[in-house]
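One structure is given below, encoded as C-alpha cells.
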Amino acid sequence: MTYAPEQLYAEVAYVAYHFHWSRGEILDLEHPERRRFVDEIGQLNTRIQHGR
C-alpha cells in the first residue's frame with residue numbers, strides 16, 4: 001500500500017502541532033497508530049470547541 005506524501009505531511013504536522021512531538025517520534029509510529037493519534041486529537045478539539 002502506498003501512502004500519499006501529502007497525507008503523511010499533514011498527519012505529521014497535525015500531531016507535532018498539538019503534541020509537540022518531533023518529526024522522528026511521529027514517523028516512528030506505525031501508520032495505524034499515527035492515524036489513531038490524529039483521530040484522537042480531532043475528537044479532543046471537537047470536545048473543546050463544544051465545551052465538553
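Worth saying up front: this structure is predicted, and the values here are computed from it rather than measured.
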CD1-CD distance between Ile26 and Glu33, expressed to the nearest 0.5 angstrom: 11.5 Å
Aromatic plane relationship, Tyr14 with His18 - under 30° parallel, 30 to 60° tilted, over 60° perpendicular: perpendicular
Where Val38 and Val15 come nearest, the two heavy atoms and their spacing: CG2-CG2, 3.8 Å
More than 12 heavy atoms of other groups within 6.0 Å of Gln43 CD: yes
Flag if over 12 foreign heavy atoms under 6.0 Å of CZ, Phe19: yes
Euclidean distance, Leu29 CG relative to Arg36 CZ, rounded to 0.5 Å: 12.5 Å
Non-hydrogen atoms of Leu8 and Arg34 that approach each other most closely: CD1-NH2, 3.4 Å
